[in-house]
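Treat the numbers as computed from the prediction; the structure is a model and nothing was measured. Letters A, B, ... mirror the listed sequences (proteins, then strands); counts begin at 1.
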Amino acid sequence: MAFVWKRLLGTIPSLIGVVVLTFFISHALPGDPAAYFAGPAANAASIENIRATLGLDRPLPVQFVRYIGDLAQGNLGRSLTTGQPVLTDLLERLPASLELSSFALLFAIIIAIPMGVWAATRINGGVDHACRALVTVSAAFPTFFVGLLFVYIFYFLLGWAPQPLGRLNEIAYSPPPHFTGAYTIDALIAGDWPVLRASLAQLILPAISLGLFALAPIARITRAAMLEALGSDFIRTARASGLPVRKILMTYAFRNVLLPVSSVLGMVFSFLLGSNVLIEQVFGWQGVGAYAVSAVIASDYAAVQGFVLMMAVLYVLLNLAVDIFATLVDPRVRFEG
Amino acid sequence: MSVVTLARNTGYAFGENRLTLVAAIILALLALCAIFGPYIAPYDPLVTSATTKLARPSALHPFGTDALGRDILSRVIVATRLDLGMAVSAVALSFVVGLALGALAGYFGGWTDRIIGRAMDTIMAFPLFVLAMGIVVALGNSVANIIIATMIINLPFYCRFARAEVNVRRELGYIEAARMGGNGALRVLLNHIVPNILPPMMVQASLNMGWAILNAAGLSFIGLGVRPPTPEWGIMVSEGASYIISGEWWAFMFPGAALVLAVFSFNMLGDGLRDLLDPRKRV
């Protein structure tokens, strides 16, 4: 438990760093937020006026204190396009993004770990080659391009997937009663099977195209860690003692895979949160990423900054969760920390 | 390494791994497109035509035409310069800045190290693509700012790499000797340490190129930096995306394939270079 507290305290510098850098990006860089807020029709006087109301004419330290005060009250400013507070907008759309990312991660883990284990037990076998090909492909393909390819193949050519226009075909179905905000889970809670089916059908393609890219690093690291474990003395001893292969693989070797996998998860999350933006754009998924993209196009300054801050905080928290998970699976980490 | 050994090793790396050779050839072709693009392209990439909207690939237009009747092959060729240019400049910038910061942090340690290290940790505390979006929006929507943003999100990798390499070498005998000989810190760094860490850094850079291309293209895919009608692979994919559901696949497929080809070649070349310089790291 002491370690968990220590690790919790350890996130504070990261959070401070995130807030300072976000402030720096939004206030100290040469771009002029006052000009953005004033809109294209503004003249010098109205821009000056807005600058004063936003407090942008004050010295940077004063602005920083004000920024921290606003953050403490959950005030991320008001979106130009929706007219609502940015935080409200983001929280409204966050469940959709989390739903997509979680399914992608789930898909990746379910496929990648058995694949990596299999590849390590049969080097240069079929699965091993598939594993290697997947790593190469995922390093060379842009996520958005893979998403579009899937739409072309599975929607247009094969007709297996529904039209890639968001989370639910709202003409045919009405969204389930709001509970978590994730349509699949809400439909499950409401026991509304047709809606569950329909929302899963919408979710599969984006989740797989996002998950494929998380799959490759996890499979690669599982394979490497498994190979290392299988080559070690205690496995040799276990084999010599005549233990069943299944027990050797699952009980003895596999445990050593969990730590490397949890350490690669940090990178996977960074990737997932970033690529979410692109995939949501491709599939018309109404999450925070699509919101940020429309904010980018409309030069909706506060909305983009709020989005960046929220993703960074989320990322710091996810890394924290991964670290705590690592200490649970491998007690050695506690002593190193 | 003498020139003869280098040539022999290069021959070995290419002979051993055909993919590296293929990658080098593709990259040479892409470089030709980047340099002579506007002269090679069969059509003007910006000229629209109302009569040939969304024409299928044919002998006249091998890659078809887009929604405004522009020849996609020409646009893909002309875009090479911008796409590779953005990635090369971003990687070059992060290489130089990261090397400088990392070398200072690794050589001097103490507060220099702590401040630089903390700054890099802060960059790494963001999902990198999201940070790049935020930077481009704050700096203003332009190609130069895409390069700066891509440079910043790449910076920590180079900085940490250089720091670790310098740190190892700082206490070595020949560096002690150089210091004893009365060389100042800057001179020791520039003349004795940096030349030794350049080769591994170069491998890092070539492995990193593909990622830089993907990032820059991703940013322009969501409408940052490059403005239409400028030909650029990411924005062309995004323009072509609207016609997928009606089956006009060529408008997004060819610029996307160009992206994949470029990134793939850089990755393969990076792997080949790594094998050449450090055969032990082979996997």
Is chain B contacted by the side chain of [X], its backbone, both, or neither, given a heavy-atom distance below 4.5 Å?
| X | value |
| --- | --- |
| A/Leu149 | both |
| A/Phe141 | both |
| A/Tyr152 | both |
| A/Ile297 | side chain |
| A/Val304 | side chain |

Centroid-centroid under 6.0 Å between A/Phe150 and A/Trp160 rings: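 Centroid distance A/Phe150-A/Trp160: not below 6.0 Å, so no.
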Does one side chain, of [X] or [Y], offer a donor that lies under 3.5 Å from an acceptor on the other?
| X | Y | result |
| --- | --- | --- |
| B/Glu248 | B/Ser246 | yes |
| B/Tyr243 | B/Asp66 | no |
| A/Ser97 | A/Glu280 | yes |

Most chain B-contacting option - heavy-atom pairs closer than 4.5 Å, from A/Gly17, A/Gly289, A/Ala140, A/Gly274: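 The residue among A/Gly17, A/Gly289, A/Ala140, A/Gly274 with the greatest pair count is A/Ala140.
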Tell me, out of A/Gly266, A/Ala139, A/Ala295, who's got the most heavy-atom pairs with chain B below 4.5 Å.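 The candidate making the most pairs under 4.5 Å is A/Ala139.
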Verdict with supporting geometry, B/Arg160 and B/Asp121, side-chain contact (heavy atoms from CB on, under 4.5 Å): CA-CA 10 Å; B/Arg160 286 177 177 177; B/Asp121 286 351; 2.8 Å; yes
Applying side chain to side chain contact (heavy atoms under 4.5 Å, CB included) between A/Phe145 and each of B/Val260, B/Leu214, B/Leu259, report the one that passes.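 Result for side chain to side chain contact (heavy atoms under 4.5 Å, CB included) with A/Phe145: B/Val260.
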Of all of B/Pro127, B/Ala125, B/Gly223, which one pairs up most often with chain A through heavy atoms under 4.5 Å apart?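 Sorted descending by pairs with chain A, the first entry is B/Pro127.
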Highest number of heavy-atom pairs under 4.5 Å with chain A: which of B/Phe129, B/Phe126, B/Trp211?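 Ranked by contacts with chain A, first place is B/Phe126.
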Under 4.5 Å from any heavy atom of chain A - which part of B/Phe221: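 Side chain only.
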Is it the side chain or the backbone of B/Met268 that comes within 4.5 Å of chain A heavy atoms, both, or neither?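 The answer is the side chain of B/Met268.
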More than 12 heavy atoms of other residues, nucleotides or ligands under 6.0 Å from CD of A/Gln286: is that the case?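 Yes, the 6.0 Å shell around CD holds more than 12 heavy atoms from other groups.
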Worked verdict on A/Phe271 versus A/Phe213 for ring-ring contact (aromatic ring centres under 6.0 Å, His included): CA-CA 8 Å; A/Phe271 174 83; A/Phe213 291 84; 5.8 Å; yes
